Protein chains: 2
Amino acid sequence: MANDDPRPLTLRDVSEASGVSEMTVSRVLRNRGDVSQSTREKVLEAAKSLGYVPNKIAGALASQRVNLVAVIIPSLSNMVFPEVMTGISRVLEETDLQPVVGVTDYLPEKEERVLYEMLSWRPSGVIIAGLEHSDASRAMLKASGIPVVEIMDTDGTPVDCAVGISHRRAGREMAKAILKQGYEKIGFMGTKMPLDHRARKRFEGFTEALAKAGIEITDQEFYSGGSALAKGREMTEKMLEREPELDFLYYSNDMIAAGGLLYLLDNGIEIPGQVGLAGFNGVELLDGLPRKLATMDACRTEIGTKAAQIIAGRVDDPKAAFDPIIELTPTISYGDTLRRR
Amino acid sequence: MANDDPRPLTLRDVSEASGVSEMTVSRVLRNRGDVSQSTREKVLEAAKSLGYVPNKIAGALASQRVNLVAVIIPSLSNMVFPEVMTGISRVLEETDLQPVVGVTDYLPEKEERVLYEMLSWRPSGVIIAGLEHSDASRAMLKASGIPVVEIMDTDGTPVDCAVGISHRRAGREMAKAILKQGYEKIGFMGTKMPLDHRARKRFEGFTEALAKAGIEITDQEFYSGGSALAKGREMTEKMLEREPELDFLYYSNDMIAAGGLLYLLDNGIEIPGQVGLAGFNGVELLDGLPRKLATMDACRTEIGTKAAQIIAGRVDDPKAAFDPIIELTPTISYGDTLRRR
DNA sequence: CTGAAAGCGCTAACAC
DNA sequence: GTGTTAGCGCTTTCAG
């Protein structure tokens, strides 16, 4: 029954055990071509009882086909990429493609290494976060000759094609919504991440829209590492000590915004009358806070879904047409922390 | 410079471009064997300018070696597995092994599929969550002939070896700590997941230790889906309506415990005097809550680290000895919600 | 230090 | 419906 010999089983073993040629065994195992019911049963029986697991390495080399899609993302620890993965998996499960995840920790050199490593397995497509990559990475992607979808961001020029939102616009829209509610003394808090281009673009869009209204950010603060909830609390405290006049706090993600919210509530500050708040991402995780946080969803699942569909479609038909850039539209939810009565 | 021909580059292309035999090119690219400085440079130059990326499929088939470690986990969405991954990656980065992640969504059939798929790439080792697997999965793991580490749990019999904590004991220890503080009317809230064996074992250990002290759980409630924070809040509200006499709430994870905490605070219930709380996991994410939640860390990063070390060690030396079960010891942190004054 | 030959386990393409 | 042959792109092994 089990395999005692350390040598892994091969098609040949199944062939011998079933008295059918290797080729026919292969056909049965892949459901390819016509095979008589009787031999099919013999083969499946033999394969099962031996515990045969096909060797995809050999199969891929022979067929020049690899059903893998490389998915390259900066991190698994925040809520955003798991949701993108969910979208991707949902679509790919309907196909014979399989996602393989690589994580870059927001480091361009690591991205390069991971990409090289993944491309060397000759995947059928690449889904990669962001539009900013090293020259070498872009060159590899171009030279690979496979479909590449850059996700999350549309502010830039994709190597092949992109699905995402405009983070500049997201920042602008939030600024406009805040101004419209009559807030004027605005503070910003975010990650100290020169390499998080999307956070940077949101910040840029935000200040740009404020500037257009003749307003400058009153104060700003950046953090790195640690528990986001705790950091949001600390930064908010510090900032309000420095600038008690602030009437709005814009956070670059929902987690630190939640920390800020808890701080304000603890200190009896009236929300959103005295101070308003908003975050970014729309993480469901945070439903259940004492107040519903204003935020902007980043269309994460949809980005994953669309990206996977593009890959699947183009693997299916390499000459099919496709949009070079698909820009999704995030929506603001006002919650209880942005709308002044 | 770039590759216009859709055909991917091969060693032969580099060989021709550099005027060196394929074999020597291969040696240079893998840093194997002695190659003169001058030919080495010629080769690297040629490979780089062509944008050559080696084909690992062919390499793996020829060398019968695949530097991949299959990591099979139920989910990426909660905080627990990303931390395990961190531990694994940290160790494997020091070696030439690479983790490849598969997700099962807590479904045994999906686990079986994912495992089959991964084993068909002939990885050098498997790290898989839990000790409960279908017969077919166990058979595959055994037959694979590669090192297998089952992680998270030690209450059971591993196929090969295991690293984790005893969730039964964890439940018992928490029960003892709660009783020691004088709490007596205890409610339990958790996930409605017959397939989350570790949550189940904690629950069993918990009730068992209470029983030994002659106490039964006063009330219990299970949820599925939705935002854990919100669910914790809702369940807590319902339970306290049903059983206003409750003096302690034990939650099967920190996220719902946090929701419960926020509910109690909102309703002016005194913690931990009137009602105490505890969760499970020790998620750093939650630092920053108004009170520090009592919890028990699950040694997640350490589990990842140890598991990866075992794989790396056994890949290095297949006949090295190893412990079949490594049980780590979780520690209770009392925070502000368990210690009665 | 470098090269030539053989073959890893499978599948495409073609017989029968 | 089934079998045969010839590789896929690399590395192992062995000669020089």
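Per chain, numbering begins at 1; letters A, B, ... match sequence-line order. Just so we're clear, the structure is a prediction, and the values are computed from it rather than from any experiment. What you see below is based on every heavy atom in this structure, not just the backbone, and it leaves out hydrogens, waters and symmetry mates.
- Evaluation of the side chain to side chain donor-acceptor pair (under 3.5 Å) rule for A/Gln37 yields A/Glu41 as partners, not counting sequence neighbours.
- A close approach under 4.0 Å does not occur between any side-chain nitrogen or oxygen of A/Tyr52 and OP1 or OP2 of C/dG9.
- Heavy-atom distances under 4.0 Å link DNA chain D to B/Met23, B/Ser26, B/Arg30 of residues 20-41 of chain B, given in residue order.
- Distance, A/Lys56 NZ to C/dC10 C1': 13 Å, rounded to whole Å.
- Axis angle, first five pairs versus last five pairs of the helix from C/dC1-D/dG16 to C/dC16-D/dG1: 30°, rounded to 10°.
- For the pair B/Ile146 and B/Leu119, the minimum side-chain heavy-atom distance is below 4.5 Å.
- Every pair passing side-chain hydrogen bond (donor to acceptor under 3.5 Å, both in side chains) that includes a residue from residues 129-138 of chain B is listed here, sequence neighbours excluded: B/Glu111-B/His133, B/Glu112-B/Ser134, B/Glu132-B/Lys201, B/His133-B/Glu150, B/Ser134-B/Ser137.
- Residues passing the side chain to side chain donor-acceptor pair (under 3.5 Å) test with B/Asp160, sequence neighbours excluded: B/Arg314.
- Residues satisfying the side chain to side chain donor-acceptor pair (under 3.5 Å) criterion with A/Ser26, sequence neighbours excluded, are A/Arg30.
- Shown here are the side chain to side chain donor-acceptor pair (under 3.5 Å) partners of A/Thr39, two or more places apart in sequence or in another chain: A/Ser36.
- Between B/Ile57 atom CD1 and D/dG9 atom P the separation is 11 Å, expressed in whole Å.
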Considering only distance and modelled atom types, tabulate donor-acceptor pairs under 3.5 Å from the side chains of residues 84-93 of chain B, sequence neighbours left out.
residue : atom : partner  : partner atom : Å
B/Thr86 : OG1  : B/Pro82  : O            : 2.9
B/Ser89 : OG   : B/Met85  : O            : 2.9
B/Glu93 : OE2  : A/Lys110 : NZ           : 2.8

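- Spacing between atom CZ of B/Arg12 and atom P of C/dA4 amounts to 11 Å, rounded to whole angstrom units.
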Between side-chain atoms of residues 58-68 of chain B and protein atoms elsewhere (two or more places apart, or another chain), which donor-acceptor pairs fall under 3.5 Å?
residue : atom : partner : partner atom : Å
B/Ser63 : OG   : B/Gly59 : O            : 2.8
B/Ser63 : OG   : B/Arg65 : N            : 3.3
B/Asn67 : ND2  : B/Asp96 : O            : 2.9

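- Residues from residues 58-67 of chain B that place a heavy atom under 4.0 Å from any atom of DNA chain C, listed by number: B/Leu61, B/Ala62, B/Gln64.
- Under the salt bridge (charged side-chain N to carboxylate O under 4.0 Å, His left out) criterion, B/Lys42 pairs with no residue at all, not counting sequence neighbours.
- Among pairs with a residue in residues 116-129 of chain A, those fulfilling side-chain hydrogen bond (donor to acceptor under 3.5 Å, both in side chains) read A/Glu117-B/Lys56, at least two apart in sequence or across chains.
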